[in-house]
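Worksheet: the structure to be examined is printed underneath.
Residue indices begin at 1 and follow the sequence shown. All values reported here derive from a predicted model rather than from experimental measurement.
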Amino acid sequence: MSTLPQLYRHSLALLTDLYQLTMAYGYWKTGVAEREAVFHLTFRTCPFGGAYAVACGLSYVVDWLRDLRFDQDDLRYLATLTGADDRPLFDAAFLDQLAGMQFRCDVDAVPEGTVVFSHEPLVRVRGPILQAQLLETALLTIVNFQTLVATKAARLCGETPGDVVIEFGLRRAQGIDGGISASRAAFVGGCAATSNVLAGKLFGIPIKGTHAHSWVMSFDSELESFRAYAAALPNNCVFLVDTYDTLQGVRHAVEVGRRLREEGHEMLGIRLDSGDLAELSIAARQILDDGGFPNAAIVASNDLDEYLIRDLKYQGATITVWGVGTRLATAYDQPALGGIYKLSAIRASAGDRWQHKIKLSEQPIKVSTPGILQVRRFSNDDGFLADVIYDELTGIAESPTAVDFDGHVRRRIVSSARHEDLLVPVFRQGKPVYNVPTAAEAQQRAKQQLQQLPDATKRLHNPTPYSVGLEENLYLLKSRLIDEARNNPT
């Protein structure tokens, strides 16, 4: 089932920046539109001050690419665009070319839920340069945001082993699509459920929710509101207890819970949404236990993130269900991943020799990596060992040497280590060849991947970097191209 057509029911070919179209027009105008090119989508720095990310967004990418076409309404709009001389920006013949465009690129990508690291390609596109160029903006906007949220969710769940994390962020999300895609990405990253009903319908995510303060305030008393809610939904009773006096609210919940039990139902728990969550949860736990409800959950919300959750646990909070909204759905403390999409190889036509391409910068972190790149992950029975980025044009040895991006550290990988190449075929000649996993399957992959990642790499503060390097021949090629470009500027 495709998600984007259900949400928008319209061509999304114009989900791009104008400069992608002007470059495409330039390729067409100068007769090089069919040159074969390779682009990679990567990011330069792991988000949230951490040492890893969780790849997400491929499901949306597949939806977008499967339906990629310029419809007549798109073309009529493009025909209205003008340049500085008030003449049409694009020739009519170019628009005709777009009208008949059939997607013909090969796309490889890292499956959703895969743990990834800076400089590693998450998506690789190979095909006519005009088409490959047009994909940049949409791929980045999809993968950047969803990878951010999935990573944030993984960090939150890493601080709550054995507990339940629910994504509560729709009302604070960045618009409709921000809310929908955040709910899915949060689930892939490890959240158990969402409050977002549409996301539940679209992606098969469990949905959870009870009532708000307005429910309590609409009655003459808190106790009356709890009784009314229990009568209406006896199988969904988590009472929000902090509208007036929090601990008195817990006592009211116990009173109504006893009546529910007499009628054959069970109170599921209470929710705290303000105040000193550690102190209140400890006192609430005592009231619930003394009242005969040792299994009733204590749910907490109120601007939670992984750091506050860790502190609350350190203080002995008895919370076991965490409702995380704003700081998860908006990737609050880092609103952008900073993903990039760079050209790395080009040739005039099939059968010609590939020409490696590299982008230079005064900042070493912004120097791109040339080639047709793949990532090989090595592991043993204890988990992941190292990742090696290599060029498919030159291949990789059975026991490769990885060189870090500064050239300071070389690591030889033993031949006995197991390995997996992370980029898998998604499209071939524009046709989908990949069975997109469900959100639940992507979540399971994320859990398995995170279990194999060293604990020191998952720390919130001062995490140990995971070993990622360039295969030695690729490192030497990159170094040579940098020297040539700097010594022979064009």
Side-chain angles (χ1 to χ4, degrees), residues 46-54 56 115 147-173 182-183 185-196 205-206 208-210 238 240-242 246 250 268-286 288 296-335 443 446-447 449-451 453-463:
C46 290
F48 310 115
Y52 72 91
V54 176
C56 195
V115 170
T147 296
L148 264 183
V149 175
T151 306
K152 189 69 169 177
R155 288 164 60 84
L156 285 158
C157 293
E159 296 302 310
T160 56
D163 294 349
V164 173
V165 179
I166 303 174
E167 183 270 316
F168 274 4
L170 179 58
R171 70 185 64 192
R172 301 284 179 80
S183 294
F187 182 69
V188 169
C191 288
T194 179
S195 64
N196 185 338
I205 303 173
K208 299 291 183 182
T210 175
V238 176
L240 179 59
V241 296
D242 68 339
T246 299
V250 179
L268 301 179
I270 57 121
R271 178 160 73 95
L272 305 172
D273 190 49
S274 61
D276 186 327
L277 295 179
E279 181 179 328
L280 289 171
S281 71
I282 292 168
R285 182 76 272 159
Q286 189 66 52
L288 291 168
I298 297 179
V299 184
S301 47
N302 190 30
D303 287 335
L304 297 172
D305 63 13
E306 62 268 43
Y307 301 103
L308 180 54
I309 289 173
R310 184 191 57 183
D311 289 347
L312 287 168
K313 284 186 163 291
Y314 179 78
Q315 295 171 55
T318 60
I319 299 158
T320 57
V321 181
W322 307 86
V324 186
T326 304
R327 294 177 185 271
L328 171 57
T330 66
Y332 189 85
D333 44 344
Q334 184 176 327
Q443 183 193 70
K447 289 179 179 178
Q449 292 265 307
L450 289 162
Q451 286 170 359
L453 190 63
D455 288 340
T457 302
K458 293 182 284 189
R459 287 194 303 244
L460 296 187
H461 289 294
N462 300 316

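- Side-chain atoms of Ile298 and Leu288, non-hydrogen and from C-beta on, do get closer than 4.5 Å to each other.
- Remark: side-chain polar atoms of Gln334 are not paired, donor with acceptor, to backbone N or O of Pro47 under 3.5 angstrom.
- Counting heavy atoms of neighbouring residues, nucleotides and ligands inside a 6.0 Å radius, atom NZ of Lys458 exceeds 12 of them.
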Residue pair Thr330, Arg172: steps toward the side chain to side chain donor-acceptor pair (under 3.5 Å) verdict: CA-CA 7 Å; Thr330 66; Arg172 301 284 179 80; over 6 Å; no
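- Here the side chains of Leu240 and Ile270 are not in contact, with every heavy-atom distance at 4.5 Å or above.
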Quiz: residues 311-321 side-chain donor-acceptor pairs under 3.5 angstrom, not counting sequence neighbours:
{"unit_1": "Lys313", "atom_1": "NZ", "unit_2": "Asp163", "atom_2": "OD2", "d": "2.7"}
{"unit_1": "Gln315", "atom_1": "NE2", "unit_2": "Asp311", "atom_2": "O", "d": "3.3"}
{"unit_1": "Thr318", "atom_1": "OG1", "unit_2": "Ser281", "atom_2": "O", "d": "2.7"}

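- The heavy-atom pair separating Ala296 from Arg285 by the smallest distance is O-NH1, 2.8 Å.
- Considering every non-hydrogen atom in both Ala193 and Lys208, the closest pair reads CB-CG, 3.6 Å.
- The backbone N or O of Thr147 sits less than 3.5 Å from a side-chain atom of Thr151, completing a donor-acceptor pair.
- The distance from atom CG of Leu280 to atom CG of Asp273, rounded to the nearest 0.5 Å, is 11.5 Å.
- Although no hydrogens or angles enter the test, the distance criterion places a donor-acceptor pair under 3.5 Å between the side chain of Glu167 and the main chain of Gly169.
- Leu450 and Val115 make their closest contact through CD2-CG2, 3.9 Å (heavy atoms, listed as atom of the first residue, atom of the second, distance).
- In this structure, Ile205 and Ser183 approach most closely via the heavy-atom pair CD1-O, 3.8 Å.
- For the pair Val164/Trp322, no side-chain contact is recorded, criterion being any heavy-atom separation below 4.5 Å from C-beta on.
- Using a 4.0 Å cut-off between charged nitrogen and carboxylate oxygen, Lys152 and Glu306 count as a salt-bridge pair.
- When all heavy atoms are compared, the tightest approach of Ala446 to Val54 is CB-CG1, 4.2 Å.
- For the residue pair Asn302/Ser274, the side-chain donor-acceptor check at 3.5 Å is not satisfied.
- Counting heavy atoms from C-beta outward, Thr194 and Phe187 have side chains that stay 4.5 Å or more apart.
- Counting non-hydrogen atoms of other residues, nucleotides and ligands closer than 6.0 Å to CZ of Arg459 gives a total above 12.
- Residue Tyr307 places its OH atom among more than 12 non-hydrogen atoms of other residues, nucleotides or ligands, all under 6.0 Å distant.
- The two residues Leu328 and Ala186 make their nearest non-hydrogen contact at CD2-CB, 3.8 Å.
- Listed for the Asp305 side chain is no donor-acceptor partner under 3.5 Å among the backbone atoms of Arg327.
- A distance-only check finds no donor-acceptor pair linking the side chain of Glu159 to the backbone of Arg310 [under 3.5 Å].
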